[in-house]
Chemist: 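Questions regarding the structure given below will be posed in turn.
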Amino acid sequence: MKALYELTKPGITGYVMITAGASAFVGSRGSIDFALALHVILGTGISTAGALALNQYVERDVDALMMRTRGRPLPSGRLSPAQGLATATVLLVGGIIYLALSSGWRPATIAAASAIAYLTIYTPLKTRSYIATLAGAIPGALPTLIGWTAATHAFEPAGLALFGIAYLWQLPHVLGLAWMLRDDYAKVGFKLIPEGGERVIGLHMVLATAVLVPTSLSPTLLGYTGAWYATGAFILSTGFLLMAVTAGWNMTDGAARGVFFSSLLYHPLLLSLMVFDTVSL
């Protein structure tokens with residue numbers, strides 16, 4: 001049971017559930033029905049757990065070669081490939097069906113599209129091109145739209161703004177982690193950082209966080225959050241940008257680690273501010 005639990009990557013799954021729930025709350029302007037919120041959060045979590053587990057099934061041989069991943073349930077032998085595949089399939093299909101029945105066809109379709117993009121675009125591209133990082137941030141940001149469309153039954157500019165924030169936030173997050181794990185990734189040919197050395201990687205971090213500063217203010221500009229959120233978002237985003245600039249100037253392991261851990265604080269704090277300062281009608 002412990003191995004099955006690990007197979008779902010509970011930390012990532014849990015955060016995706018929080019993201020979808022926060023997006024649904026903001027989209028409803030704080031008036032979402034509790035039962036619907038619970039359905040969205042659970043359905044998103046179940047389907048995400050399935051997609052993450054299926055990715056581990058696909059990459060089990062690669063995971064066995066890296067220090068960071070060799071202890072996972074499949075490469076370590078604590079679960080058989082058949083067990084991993086069966087668990088992943090049940091969770092992914094079950095989660096999508098659950099979303100369709102409880103929250104509507106839009107959230108279910110987005111969850112399915114996210115899994116497809118993650119498994120058929122991002123995963124195979126990891127050994128081919130840095131485009132994998134740019135493409136992989138799309139399924140990573142789609143939970144915002146799962147929550148938004150469940151609450152509003154529509155695609156709206158503010159929902160796309162939350163998607164944009166989640167997308168841009170992931171780029172320095174992944175680049176910082178990839179730089180720290182570059183030797184491990186080199187063993188299996190993962191190309192999650194751009195070619196050209198430290199300066200190019202730093203430039204990509206700086207560009208993403210620079211665009212993130214105005215993007216983070218868009219929920220207020222669109223009338224969904226207030227001045228408290230805007231002030232906090234500007235401070236957080238500017239601080240994140242400064243961390244990226246520091247890393248771009250001198251890309252050391254310590255600087256990359258600073259960007260990575262800053263990213264772990266940035267988005268949860270931003271979501272908390274959104275929920276706290278959601279403007280009701």
Side-chain angles (χ1 to χ4, degrees), residues 1-28 30 32-59 72-74 79 83-120 122-123 136-153 159 162-163 165-167 169-170 173-174 263-264 267-272 274-275 278:
M1 291 302 295
K2 185 175 183 293
L4 288 172
Y5 178 69
E6 290 178 26
L7 189 69
T8 66
K9 291 189 176 180
I12 296 176
T13 297
Y15 187 66
V16 168
M17 294 166 71
I18 291 170
T19 301
S23 182
F25 183 85
V26 176
S28 71
I32 189 170
D33 178 74
F34 177 79
L36 176 59
L38 185 62
H39 289 317
V40 172
I41 291 170
L42 286 176
T44 302
I46 295 168
S47 61
T48 298
L52 292 171
L54 194 54
N55 178 70
Q56 289 179 75
Y57 169 79
V58 172
E59 293 191 319
R72 286 177 175 174
L74 294 176
L79 288 178
Q83 289 173 316
L85 178 60
T87 301
T89 303
V90 169
L91 288 172
L92 179 57
V93 175
I96 292 170
I97 293 173
Y98 182 89
L99 275 173
L101 295 176
S102 67
S103 308
W105 66 267
R106 289 181 183 87
T109 301
I110 295 170
S114 177
I116 291 170
Y118 183 61
L119 294 165
T120 67
Y122 169 66
T123 298
I138 295 174
L142 283 175
T144 57
L145 294 181
I146 295 175
W148 193 276
T149 57
T152 67
H153 308 293
L162 266 61
F163 172 87
I165 291 169
Y167 179 87
W169 157 71
Q170 287 177 89
H173 172 84
V174 172
S263 72
L264 294 180
H267 199 241
L269 289 174
L270 202 70
L271 290 178
S272 298
M274 284 184 197
V275 171
T278 295

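Worth saying up front: this structure is predicted, and the values here are computed from it rather than measured.
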Chemist: Distance check, rounded to the nearest 0.5 Å: I110 atom CD1 versus T149 atom OG1?
Modeler: 3.5 Å
Chemist: Applying salt bridge (Lys or Arg N to Asp or Glu O under 4.0 Å), can you list everything that pairs with E6, at least two apart in sequence or on another chain?
Modeler: K2, R78
Chemist: If you apply the rule side chain to side chain contact (heavy atoms under 4.5 Å, CB included), what do you find for I96 with V93, and how did you get there?
Modeler: CA-CA 5 Å; I96 292 170; V93 175; 6.0 Å; no
Chemist: Nearest 0.5 Å please: distance from the CG atom of L270 over to the OG1 atom of T19.
Modeler: 10.5 Å
Chemist: Check A141 against A166 and note the closest heavy-atom contact, atom names and distance.
Modeler: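 For A141 and A166, the tightest heavy-atom pair comes out as CB-CB, 3.7 Å.
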Chemist: For residues G159 and L145, report the shortest heavy-atom separation together with the two atoms involved.
Modeler: O-CD2, 3.5 Å
Chemist: Kindly write out the residues that satisfy side-chain contact (heavy atoms from CB on, under 4.5 Å) with L4, not counting sequence neighbours, or none if the list is empty.
Modeler: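 Counting only residues at least two positions away or on another chain, L4 forms a side-chain contact (heavy atoms from CB on, under 4.5 Å) with M1, L79, T87.
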Chemist: Report the residues that fulfil ring pair (Phe, Tyr, Trp, His ring centres under 6.0 Å) with Y118, sequence neighbours left out, ordered by chain and then residue number.
Modeler: Y122
Chemist: Which residues pass the side-chain contact (heavy atoms from CB on, under 4.5 Å) test with A137, sequence neighbours left out?
Modeler: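 Scan of A137 (side-chain contact (heavy atoms from CB on, under 4.5 Å), adjacent residues dropped) gives Y167, Q170, L171.
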Chemist: Is there a side chain to side chain contact (heavy atoms under 4.5 Å, CB included) between L7 and Q56? Walk through the geometry before answering.
Modeler: CA-CA 8 Å; L7 189 69; Q56 289 179 75; 4.0 Å; yes
Chemist: I'd like to check the side-chain contact (heavy atoms from CB on, under 4.5 Å) partners of Y57; sequence neighbours left out, ordered by chain and number.
Modeler: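 Once residues adjacent in sequence are excluded, the partners of Y57 under the side-chain contact (heavy atoms from CB on, under 4.5 Å) criterion are L54, R60, L74, P81, L85.
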Chemist: Under the side chain to side chain donor-acceptor pair (under 3.5 Å) definition, can you give me all pairs with a residue in residues 88-116, not counting sequence neighbours?
Modeler: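 Only H39-Y98 qualify under side chain to side chain donor-acceptor pair (under 3.5 Å).
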Chemist: What pairs with T123 under side-chain hydrogen bond (donor to acceptor under 3.5 Å, both in side chains), at least two apart in sequence or on another chain?
Modeler: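 Partners of T123 by the side-chain hydrogen bond (donor to acceptor under 3.5 Å, both in side chains) criterion, ordered by chain and then number, come out as N55.
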Chemist: Is the backbone of T8 close enough, under 3.5 Å, to the side chain of T13 for a donor and an acceptor to pair up by distance?
Modeler: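 Judged by distance alone, yes, a pair lies under 3.5 Å.
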Chemist: Got a sec, which residues hit ring pair (Phe, Tyr, Trp, His ring centres under 6.0 Å) with H267, two or more places apart in sequence or on another chain?
Modeler: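 Testing H267 for ring pair (Phe, Tyr, Trp, His ring centres under 6.0 Å), a comparison that skips the adjacent residues, returns Y15, W169.
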Chemist: Distance check, rounded to the nearest 0.5 Å: I46 atom CD1 versus L92 atom CG?
Modeler: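 That separation rounds to 11.0 Å.
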Chemist: Considering non-hydrogen atoms only, spot the tightest contact between L99 and A111 and give its length.
Modeler: CD1-CB, 3.6 Å
Chemist: Any idea which heavy atoms bring V40 and A150 closest together, and the distance?
Modeler: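 Heavy atoms of V40 and A150 come nearest at CG2-CB, 3.3 Å.
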Chemist: Taking only residues two or more places apart in sequence, or in another chain, which ones meet S23 in a side-chain contact (heavy atoms from CB on, under 4.5 Å)?
Modeler: T144, W148, L162
Chemist: Working to the nearest 0.5 Å, report the span between CD1 of I41 and CD1 of I146.
Modeler: 12.0 Å
